[in-house]
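Any value given below was found using the heavy atoms of this structure, including those in side chains, with hydrogens, waters and symmetry copies removed. Convention: sequence-line order gives letters A, B, ...; per-chain numbering from 1. Please read all numbers here as calculations on a predicted model, not as lab measurements.
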Protein chains: 2
Amino acid sequence: MDKDTKQRIIEAAQILFWEKGYHATGVAEIQKRAEVHSGSFYHFFKSKEELLEAVLEFYLQLLYPVVMAPSFEKYDDPIERIFGVLAGYRTQLIETNFTLGCPIGKLASEVEKEQVRARQLINANFEGWKKHIADCFEEANIRIGVAHNSMNLANLTLTVMEGSLLQVLAEQSIAPFDNAMIPFREYIEMLYKP
Amino acid sequence: MDKDTKQRIIEAAQILFWEKGYHATGVAEIQKRAEVHSGSFYHFFKSKEELLEAVLEFYLQLLYPVVMAPSFEKYDDPIERIFGVLAGYRTQLIETNFTLGCPIGKLASEVEKEQVRARQLINANFEGWKKHIADCFEEANIRIGVAHNSMNLANLTLTVMEGSLLQVLAEQSIAPFDNAMIPFREYIEMLYKP
DNA sequence: GTCTATATTGGGATAGAC
DNA sequence: GTCTATCCCAATATAGAC
């Protein structure tokens with residue numbers, strides 16, 4: 001059975017915003033991809049911005065099952081889980097020939113201060129991401145019997161991920177990601193295997 | 001004496017692209033800010049994209065004198081020079097109430113694959129930035145008598161800077177920057193003071 | 001809820017006099 | 001090199017029948 005119309009629009013917008021960005025994607029293009037006409041579109045969303053908010057809410061739903069779960073199910077070790085999540089972004093970049101990085105990061109750089117709700121949702125996505133990663137660091141603390149600030153480490157992890165993805169997309173090469181991972185991993189291992 | 005028209009256009013575009021981004025800035029807005037009419041604008045630039053390229057070339061000129069020099073002149077120690085450059089971004093964020101981050105990073109996230117020349121110029125800016133920072137790491141190697149991969153460390157530095165700025169602008173708080181700096185600095189000091 | 005047709009604005013860009 | 005006026009199209013959004 002077909003997904004309902006509203007969800008088809010959200011998913012069409014999601015992929016287009018991810019590929020090209022919010023401003024560069026036209027409503028007409030979203031309608032075409034979703035196979036929906038203008039009347040239906042504006043029946044569900046009163047504006048493009050409202051659709052953006054729906055997309056960001058959808059990302060919030062996808063965060064655990066799509067971003068975290070594959071790595072969390074593959075690995076038991078909490079540190080491996082973290083690097084597994086990062087490896088997921090790496091794979092995505094390679095498989096899409098350096099087209100798809102982090103969709104939240106992309107939108108974060110385009111959303112303006114006035115778009116209050118969209119900003120809140122971007123922050124909720126970042127916070128959720130960091131929370132899942134911080135939980136891993138926390139578990140590593142417990143297992144290994146040390147005490148590092150797990151939320152700060154999660155913050156650094158997101159920082160390294162976003163910063164290297166920006167360069168990967170600019171350079172169209174995986175090198176900045178791999179080159180950042182080496183010292184980042186070295187640092188984390190130093191903390192947990194002193 | 002007034003700056004010439006072409007330069008006034010470039011500088012108007014530079015600040016607007018920095019504040020709002022490339023897509024969100026209209027040519028009419030640039031003309032107004034530069035106090036130039038449409039005829040003059042298109043006398044100098046055949047398109048908005050060509051102007052973007054001129055702005056990126058201008059950034060290449062500003063890289064050393066504006067971004068690097070203030071810190072390089074303030075500090076003699078190469079590692080302090082690096083953190084001084086990073087502190088410059090921090091100051092800019094605070095003083096502009098979290099409006100102005102890294103202009104190249106902002107443009108990097110908006111420019112599409114097809115904008116070949118603009119992409120090259122973005123990469124040239126990133127490469128130049130990393131080269132200056134790598135030179136500092138290299139000098140630290142020599143002074144301290146160790147051997148770390150200075151270009152990889154410069155890559156990590158840019159990564160941490162860009163990744164944390166993205167979060168700072170999203171959250172409208174300096175915390176992600178400061179929280180990333182702590183472990184980053186700890187890592188660098190560990191390399192050079194083992 | 002969906003369709004076609006259309007309103008309306010603003011975008012980038014051009015024409016041609018001066 | 002600069003001015004005013006304007007073109008052209010794409011953009012978001014709406015109207016109203018079905």
task: Take the protein atom CZ of A:F45 and the nucleotide atom P of C:dT2, then report the distance between them rounded to whole Å.
output: 12 Å
- prompt: Expressed in angstrom and rounded to an integer, what is the separation of A:E50 atom CD from D:dA13 atom P?
  reply: 10 Å
- line: residues 60-74 of chain A vs side chain to side chain donor-acceptor pair (under 3.5 Å), sequence neighbours excluded, gives none
- prompt: What is the distance, rounded to the nearest whole Å, between atom NE2 of A:H43 and atom P of D:dA15?
  reply: 16 Å
Using distance only, find each side-chain donor-acceptor pair of residues 173-181 of chain B under 3.5 Å and give its atom names and separation, not counting sequence neighbours.
residue : atom : partner : partner atom : Å
B:S173  : OG   : B:A175  : N            : 3.0
B:D178  : OD1  : B:R90   : NE           : 2.8
B:D178  : OD2  : B:R90   : NH2          : 2.8
B:N179  : ND2  : B:A175  : O            : 3.4

query: Taking protein heavy atoms under 4.0 Å as touching, what does nucleotides 8-18 of chain C look like 5' to 3' if B marks base contact, S marks sugar-phosphate-only contact and - marks none?
result: ----SBB----
task: Choose from D:dT2, D:dC3, C:dG1 the nucleotide whose nearest atom is closest to any side-chain atom of B:H37.
output: D:dC3
Show the atom names and distances, to 0.1 Å, of all donor-acceptor pairs under 3.5 Å that link a side chain in residues 131-140 of chain A to residues at least two apart or in another chain.
residue : atom : partner : partner atom : Å
A:K131  : NZ   : A:D135  : OD1          : 3.0
A:E138  : OE1  : A:S150  : OG           : 2.7
A:E139  : OE2  : A:R143  : NE           : 2.9
A:E139  : OE2  : A:R143  : NH2          : 2.5

Compile the donor-acceptor pairs under 3.5 Å between side chains in residues 78-85 of chain A and protein atoms, sequence neighbours left out, one pair per line.
residue : atom : partner : partner atom : Å
A:E80   : OE1  : A:R185  : NH2          : 3.3
A:E80   : OE2  : A:R185  : NH2          : 2.6
A:R81   : NE   : A:F72   : O            : 3.2
A:R81   : NE   : A:Y75   : O            : 2.8
A:R81   : NH2  : A:F72   : O            : 3.1
A:R81   : NH2  : A:Y75   : O            : 3.4

- line: Separation of D:dA13 atom C1' from A:I30 atom CD1, nearest Å, is 13 Å
query: In chain order, what residues pass the salt bridge (Lys or Arg N to Asp or Glu O under 4.0 Å) check against A:E127, with sequence neighbours excluded?
result: A:K130
message: Below 30° counts as parallel, above 60° as perpendicular, anything between as tilted: where do the rings of B:Y187 and A:Y187 land?
response: perpendicular
